[in-house]
Amino acid sequence: MKIQFYNSLTNRHEEFTPLEPGKVSMYSCGPTVYDFAHIGNFRSFLFGDLLRRFFELTGHDVHHVMNITDVGHMVEGEADKMMEAANRVKVNKKSGRVPEGAIENPEDPYQIADFYTQAFLEDARRLGYKVAYEYPQNVPKATDHVEGADGMIGMIQKLLERGHAYIADDGVVYYSVESFPEYGKLSGNSLEKIQSNAGGRVSEENQSRKKHPGDFMLWKPDQHHIMKWDSPWGVGYPGWHIECSVMARSIIGRDVIDIHTGGEDLIFPHHECEIAQSCGATGQDRFANFWIHARFLFVENEKMSKSLGNFYTARDVFDGKVKVADENTGGLIEMGRSVHPAVLRFELIKSHYRTNMNFTAKGLIDSAQTIDRMVEFRQSLEDKIADDGGTVEVDLSHPVLGEFTAMLADDLNVSGALGVMLPWIKGDHRDPRMSLAVLKKMNSVLSVAPINEGIVNAAEELESESDVAEFEQAQQWANEMDTARKDKDWPTSDAFRDKIHAAGFEVQQTPEGSRIKRKLSV
RNA sequence: GGCGUCGUAGCCAAGUGGCUAAGGCAGCGGAUUGCAAAUCCGCCAUCGCGGGUUCGACUCCCGCCGACGCCUCCA
């Protein structure tokens with residue numbers, strides 16, 4: 001099967017061939033842990049997850065690594081991010097978003113980072129982000145890789161030795177972009193064309209100390225930085241870009257990896273700098289063969305931002321805080337019903353990673369419908385084969401599964417793959433064992449029906465005691481509804497149906513009586 | 001200014017130089033139903049605009065318009 005992706009490095013679709021047959025090494029830029037991760041973060045992360053799962057479906061042994069950025073990074077002229085986070089924690093504690101006792105000392109950056117790291121892992125696991133289950137071995141923290149020969153300090157030393165870095169008048173260690181002729185290849189910029197400070201974020205004072213305006217910081221001596229380490233260049237902290245170069249190399253154990261992923265905004269400067277650092281340190285002509293970037297997510301046709309009120313963390317969505325138009329007033333209200341993680345996952349992966357996806361409440365409801373159908377379909381297959389429980393194996397030679405996979409092999413065409421899967425679900429399933437085997441393979445990539453299949457018992461992880469109690473209550477109403485229906489007492493029956501709906505369940509009439517199921521959203 | 005992605009029905013979204021332009025949601029009509037829901041059957045687009053190439057373009061080329069991202073915080 002021909003596998004191809006759009007490679008940001010060359011700006012074209014290229015056939016993918018792993019460096020080692022049957023093995024794929026992937027590195028994804030992970031979250032900063034100063035706050036809860038939002039749905040835009042997860043759009044990018046889940047795209048990486050989809051890619052990883054696709055490779056596994058096609059028989060590859062995947063080593064996927066994603067970092068946790070837990071070093072506070074000084075933005076020139078602004079407060080340290082970790083300090084900002086400390087202040088935010090204090091506010092969040094008051095509002096209850098950060099539970100009492102979760103962070104004993106808001107002044108301790110390690111406690112803050114640790115709290116948000118755990119919160120991230122929890123969200124990521126609920127969303128079926130596989131690598132989050134491989135913490136900590138494949139989810140390294142930047143703070144664990146500062147020191148040592150294999151750490152950031154070691155790589156910076158190497159860069160100094162090889163003439164790719166220098167120490168400026170003020171003691172700051174900079175990477176010299178002029179020492180690396182390939183600088184700019186990924187972003188399509190050349191040193192001449194990079195308009196210095198087009199984004200208006202660089203202070204003039206620092207620029208004057210550099211040999212070239214494009215030079216970027218590797219180490220900054222600073223006694224006052226909230227997180228600091230000893231180094232040959234004084235006590236201070238590492239630059240933002242160096243951590244990914246170091247962790248990719250040390251965890252994956254290769255100088256050159258197959259695939260590097262991230263959000264499109266990371267292309268410049270972050271990934272450009274990673275390439276310069278890694279190649280500068282290893283002497284290789286490349287860092288990753290494929291650079292694959294996910295586009296930004298929009299919310300209700302606008303850029304997601306806190307000021308527009310359309311900024312959602314993953315847990316905001318789970319908790320039903322997505323705003324929808326109120327039918328009566330036309331204003332915006334919170335949808336109020338919790339959203340199943342499978343629905344959010346599906347919503348975030350169902351459109352192509354390289355298009356601007358528009359996250360909407362309507363789309364979320366759409367996704368809930370689709371997930372519902374998939375789950376129902378799976379249930380019907382399992383019911384049919386319940387008697388003898390035999391299973392069969394299926395491989396990609398199966399026509400439907402083969403077509404599904406071929407779609408994904410073409411630059412991760414999820415929509416195309418769903419265009420194969422959904423009509424197939426509607427079709428005739430005379431061999432339920434085979435159909436279930438096919439569905440399981442599809443679900444090993446989509447991971448929505450159910451989520452996290454094969455990793456954990458999702459039902460155990462996701463169903464709280466109160467969920468179970470609610471379900472039992474609704475079931476009881478359904479039973480009473482059946483009794484009323486037998487007596488043709490329609491008003492009573494309808495009243496129970498209303499109660500069931502109001503509690504967040506749907507009720508279906510079947511030959512065996514009323515059957516309830518939880519609504520996946522709204 | 002530089003670099004890049006994109007523009008397909010009410011919405012989401014595939015795809016192809018020429019058979020009927022996937023699929024989903026919503027909607028409409030019908031079956032079913034105590035009424036609904038669920039389910040089933042049916043209906044529902046000429047592909048941003050203007051040129052060009054071609055026997056033939058939504059698909060290739062040129063121009064234009066528009067959207068979006070990056071150009072040292074950002075997934």
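The basis for the numbers below is simple: all heavy atoms, side chains too, and nothing from hydrogens, waters or symmetry mates. In what follows, every chain begins at residue 1, and chains take the letters A, B, ... in the order their sequences are listed.
- B:C49 and B:C41: their C1' atoms are spaced 40 Å apart (whole Å).
- Checked against salt bridge (charged side-chain N to carboxylate O under 4.0 Å, His left out), A:Lys350 has the following partners two or more places apart in sequence or in another chain: A:Glu347.
- Every residue two or more places apart in sequence or in another chain that forms a salt bridge (charged side-chain N to carboxylate O under 4.0 Å, His left out) with A:Arg53 is listed here: A:Asp49.
- Counting any heavy atom pair closer than 4.0 Å across all strands shown, A:Arg43 reaches no nucleic acid atom.
- Under the 30°/60° scheme for interplanar angles, the aromatic rings of A:Tyr175 and A:Phe180 are found to stand perpendicular.
- Note: A:Phe216 and A:His241 have perpendicular aromatic rings, judged against thresholds of 30 and 60 degrees for the angle between ring planes.
- Remark: the separation of the C1' atoms in B:C44 and B:C28 is 8 Å, to the nearest Å.
- With a cut-off of 3.5 Å on both pairing distances, B:U32 has no Watson-Crick or G-U wobble partner at all.
- Rounded to whole Å, the P atom of B:C35 lies 35 Å from the corresponding atom of B:G10.
- In this structure, A:His293 and A:Trp291 have parallel ring planes: the angle between them is below the 30° cut-off, well short of the 60° mark.
- As rounded to whole Å, 12 Å separates atom P of B:U5 from atom CD of A:Glu264.
- Comparing the P positions of B:C58 and B:C47 gives an interatomic distance of 7 Å, to the nearest angstrom.
- Rounded to whole angstrom, the span from the CZ atom of A:Arg295 across to the P atom of B:G7 amounts to 10 Å.
- With sequence neighbours excluded, the residues forming a ring pair (Phe, Tyr, Trp, His ring centres under 6.0 Å) with A:Phe505 are A:Phe471, listed by chain and number.
- Residue contacts for A:Phe42: at a heavy-atom cut-off of 4.0 Å it reaches no nucleic acid atom on any strand shown.
- Look at A:Asp372 and A:Lys519 and you find no salt bridge, because none of the NZ, NE, NH1 or NH2 atoms lies under 4.0 Å from a carboxylate O.
- Between A:Tyr27 and A:His260, the ring planes lie tilted relative to each other; the angle falls in the 30° to 60° range.
- Using atom P as the reference point in both B:G7 and B:A13, the two lie 10 Å apart (nearest Å).
- B:G1: Watson-Crick or G-U partner is B:C71, with both key distances under 3.5 Å.
- With both pairing distances under 3.5 Å, B:G27 is matched to B:C43 as a Watson-Crick or G-U wobble pair.
- Among residues two or more places apart in sequence or in another chain, the salt bridge (charged side-chain N to carboxylate O under 4.0 Å, His left out) test is passed with A:Arg515 by A:Glu376.
- Using a 4.0 Å heavy-atom criterion, one finds that A:Ile267 contacts no nucleic acid atom at all.
- Rounded to a whole Å, the CZ atom of A:Arg354 is 17 Å from the C1' atom of B:A75.
- Pair check for B:C19 finds none; no Watson-Crick or G-U wobble contact set falls under 3.5 Å.
- With rounding to whole Å, A:Asn67 atom CG is found 10 Å from B:A75 atom P.
- Taking the side chain of A:Tyr6 as heavy atoms from C-beta on, and the options B:U5, B:G15, B:A75, the nearest nucleotide is B:U5.
- Judged by ring centres under 5.5 Å apart and planes tilted less than 30 degrees, A:Phe296 stacks against the six-membered base ring of B:A75.
- Here the separation of B:A9 from B:C43, taken at their C1' atoms, is 14 Å to the nearest Å.
- For A:Lys350, taking side-chain heavy atoms from C-beta onward, the closest of the listed nucleotides B:C12, B:G69, B:A14 is B:C12.
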Polar pairs (N or O, both sides) under 3.5 Å between protein and nucleotides 43-45 of chain B?
none

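- A:Phe47 comes within 4.0 angstrom of nothing in the nucleic acid, heavy atoms only.
- For A:Asp316, the side-chain hydrogen bond (donor to acceptor under 3.5 Å, both in side chains) partners are A:Thr313, not counting sequence neighbours.
- A 3.5 Å limit on both hydrogen-bonding distances identifies B:G66 as the Watson-Crick or G-U partner of B:C6.
- Here, B:U53 and B:C61 have their C1' atoms 7 Å apart, quoted to the whole Å.
- Heavy-atom distances to RNA chain B give each of A:Met407 and A:His38 a nearest nucleotide, and the one nearer the 5′ end belongs to A:Met407.
- Spacing of C1' atoms, B:U46 relative to B:U8, comes out at 10 Å, to the nearest Å.
- A:Asp265 pairs by the side-chain hydrogen bond (donor to acceptor under 3.5 Å, both in side chains) definition with nothing, not counting sequence neighbours.
- With rounding to whole Å, A:Tyr34 atom OH is found 9 Å from B:A75 atom P.
- Pairing for B:C60 goes to B:G52, judged as Watson-Crick or G-U wobble with the two contacts each under 3.5 Å.
- Looking at residues two or more places apart in sequence or on another chain, you find a salt bridge (charged side-chain N to carboxylate O under 4.0 Å, His left out) between A:Arg88 and A:Asp35.
- Rounded to whole Å, the distance from NE2 on A:His429 to P on B:C40 is 11 Å.
- For A:Thr355, taking side-chain heavy atoms from C-beta onward, the closest of the listed nucleotides B:C68, B:A75, B:A14 is B:A14.
- For the pair A:Met357 CE and B:A75 P, the interatomic distance rounds to 18 Å; values are reported in whole Å.
- Nearer the 5' end of RNA chain B, as judged by each residue's closest nucleotide, is the contact made by A:Asn301, out of A:Asn301 and A:Thr32.
- Across all strands, A:Gly262 comes closer than 4.0 Å only to sugar-phosphate atoms, never to a base (heavy-atom distances).
- The NE2-P distance, from A:His271 to B:G4, rounds to 19 Å in whole Å.
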Sugar-phosphate atoms are those with a prime plus P, OP1 and OP2; base atoms are the rest. Using that split, label each nucleotide of nucleotides 22-39 of chain B B, S or - for protein heavy atoms under 4.0 Å, 5' to 3'. BSBBS-------BBBBS-

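- Across all strands shown, B:A37 remains unpaired; no Watson-Crick or G-U wobble contact has both distances below 3.5 Å.
- When each of B:G4, B:C68, B:G15 is scored by its nearest atom to the side-chain atoms of A:Asn413, the top-ranked nucleotide is B:G15.
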